[in-house]
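Structure record follows, encoded as structure tokens.
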Amino acid sequence: MSLDRFAIIESTLREGEQFANAFFSSDQKAEIARLLDAFGVEYIELTSPAASPQSRADLERIATLGLKTKILTHVRCHMDDAKLAIDTGADGIDVVFGTSSLLREFSHGKDIPYIIDSAIEVIEFIKSQGLEVRFSSEDSFRSDLVDLLTIYRAVDQIGVNRVGIADTVGVANPRQVYELIRTLRGVVSCDIEFHGHNDTGCAVANAFCALEAGATHIDTSVLGIGERNGITPLGGLVARMYAHDPQAVRAKYNLPLLREIDNYVATLVDVDVPFNNYITGFTAFTHKAGIHAKAILNNPSTYEILDPGDFGLSRYIHVAHRLTGWNAIKERAEQLQLNLNDDDVKVVTAHIKALADQKRITLDDVDFLLREYHSKLISVDVIEGIEHTST
Ligand code: HCA
Ligand code: CU
């Protein structure tokens, strides 16, 4: 499996605009585009210029920012939309056959020649204007396979740059994604894009399986925002790909920017970054149980497949609770520059656990117990020292 040539099509400014809480001003869109460009995504997809005059103006503005990332816009497979999109400065156009009722027509087998004819007209027009073009159909997993392959073969033959498989309703599981993309890989020679909704929590796994099966492009959005509960999140895909090949992902993307990107978009759409978010959630690198803490202190990779340092983040060892262990408490004592031997630390640890059995404790409580124990030791030392000198 060669995943090194995968590309991210970052759709926060298209699919993400379809998120319930999203309203991006023009400046905010430009800032999101700049951040995503600095992160290193290969493409940014923006809302259709046919959606509204401001959408068109924003697309034109972002296309003139001089970003390295390619700018795409997403339109219905219709000549009117294609003509509108051509002059916006976008590098490419993603066309989608956009109604679910079409899929019912697929199963009757009536409208395939019509779909192919209009797809060919639109694709040839876009190509004649020198732009990149992608063709996809909504709800690919509930379409008739033979119909889908017939259409995709036809558009591949006229030189479409990419075809897209869309799991519009989040119904597909990883095995189904693998099988469909694998089959498609045997039918078309162009690039293959996957767009996966997350209704049943499979969006990251489905995207990964798509790549394993031969897809080349994955759609993401920041925090996964989009229709309903959204699509494959940028951070989730990055985490998944990092676990697969850390070196390649480090080389491709400016990973420390991810936190700023997640936080910025979360603020704009008025949500918190979830506590369990990939990489940037506040517990993503927090270790708690004594046994975990001990191993992490010896070698972080025992319980970490993602190195927080690569993302400009640090791990946190949570010591103030009843599951704590003396190794973690010893580390805390060292951070406080309290000189305690292992037996002393074990005694303090027992005190901490006893207190934590009675109430929720904080790091301040731990520090207090450590300091108190330490100062008693010192006073004992001092008293012993005085006794020693006076005898
Ligand atoms: C939608 C359209 C889409 C398009 C995906 C694509 C989907 O329903 O809003 O162009 O590949 O999920 O089908 O986002
Ligand atoms: Cu979608």
Side-chain angles (χ1 to χ4, degrees), residues 6-20 22 42-52 55 59 70-78 81-82 85 90 92-104 106 115 118-119 122-123 126 131-143 148 151-152 155-156 160-172 176-177 180-181 184 188 190-204 206-207 210-211 215-234 236-237:
F6 82 98
I8 293 177
I9 297 183
E10 226 302 325
S11 189
T12 301
L13 295 177
R14 197 282 294 172
E15 176 76 47
E17 259 213 303
Q18 298 175 223
F19 175 56
E42 290 80 1
Y43 293 84
I44 295 176
E45 185 182 67
L46 281 94
T47 298
S48 168
S52 73
S55 301
L59 170 60
K70 286 192 183 173
I71 307 298
L72 301 171
T73 187
H74 185 265
V75 304
R76 292 173 306 164
C77 186
H78 198 287
D81 288 14
I93 303 183
D94 287 345
V95 300
V96 61
F97 233 106
T99 70
S100 293
S101 64
L102 189 78
L103 307 170
R104 287 196 292 278
F106 274 17
I115 294 166
S118 44
V122 170
I123 291 164
I126 296 171
L131 270 67
E132 188 173 316
V133 56
R134 180 222 65 177
F135 175 87
S136 95
S137 64
E138 247 190 353
D139 216 355
S140 312
F141 289 88
R142 297 190 300 175
S143 308
L148 203 63
I151 296 166
Y152 283 16
V155 296
D156 183 46
V160 78
N161 297 92
R162 246 180 358 267
V163 288
I165 290 293
D167 182 16
T168 306
V169 293
V171 68
Q176 291 168 319
V177 172
L180 179 55
I181 304 259
L184 181 61
V188 298
C190 62
D191 284 341
I192 299 177
E193 174 177 338
F194 174 75
H195 175 97
H197 278 261
N198 202 29
D199 299 70
T200 67
C202 290
V204 174
N206 284 350
L211 290 171
T216 48
H217 294 62
I218 299 295
D219 291 9
T220 66
S221 67
V222 177
L223 299 172
I225 60 171
E227 288 285 343
R228 306 184 305 285
N229 79 333
I231 63 165
T232 307
L234 175 64
L237 181 71

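Every heavy atom of this structure was used, including side-chain atoms; hydrogens, water molecules and symmetry mates were not. Both ligands and their constituent atoms are indexed starting at 1 by order of listing. Residue numbers run from 1 in the order of the sequence given.
- Two residues are said to be in side-chain contact when any heavy atoms from C-beta on lie closer than 4.5 Å; Ile218 and Leu211 meet this criterion.
- In the model, Tyr43 has no side-chain atom that pairs as donor or acceptor with a side-chain atom of Glu193 under 3.5 Å.
- Across every non-hydrogen atom of Leu223 and Pro233, the tightest pair is C-CB, 3.8 Å.
- Considering only residues two or more places apart in sequence or on other chains, Tyr152 meets the ring pair (Phe, Tyr, Trp, His ring centres under 6.0 Å) condition with Phe135.
- Annotation: ligand 1 has protein neighbours Arg14, Glu15, Gln18, His74, Val96, Arg134, Ser136, Glu138, Ala166, Thr168, His195, His197, each with a heavy atom less than 4.0 angstrom from the ligand.
- Applying the side chain to side chain donor-acceptor pair (under 3.5 Å) test between Thr47 and each of Glu17, His74, Arg14 identifies Glu17 as the sole match.
- Side-chain atoms of Ser221 come within 3.5 Å of backbone atoms of Ile225 as a donor-acceptor pair (strictly under, hydrogens ignored).
- Note on the Cu ion (ligand 2): protein N/O/S atoms under 2.8 Å are Glu15 OE1, His195 NE2, His197 NE2.
- Every residue two or more places apart in sequence or in another chain was checked for a side chain to side chain donor-acceptor pair (under 3.5 Å) with Ser48, and none qualifies.
- Put simply, CD on Glu132 and CD1 on Ile126 are 11.0 Å apart, with the number rounded to the nearest 0.5 Å.
- Proximity of Ile231 to Asp167: side-chain heavy atoms (C-beta onward) are nowhere separated by under 4.5 Å.
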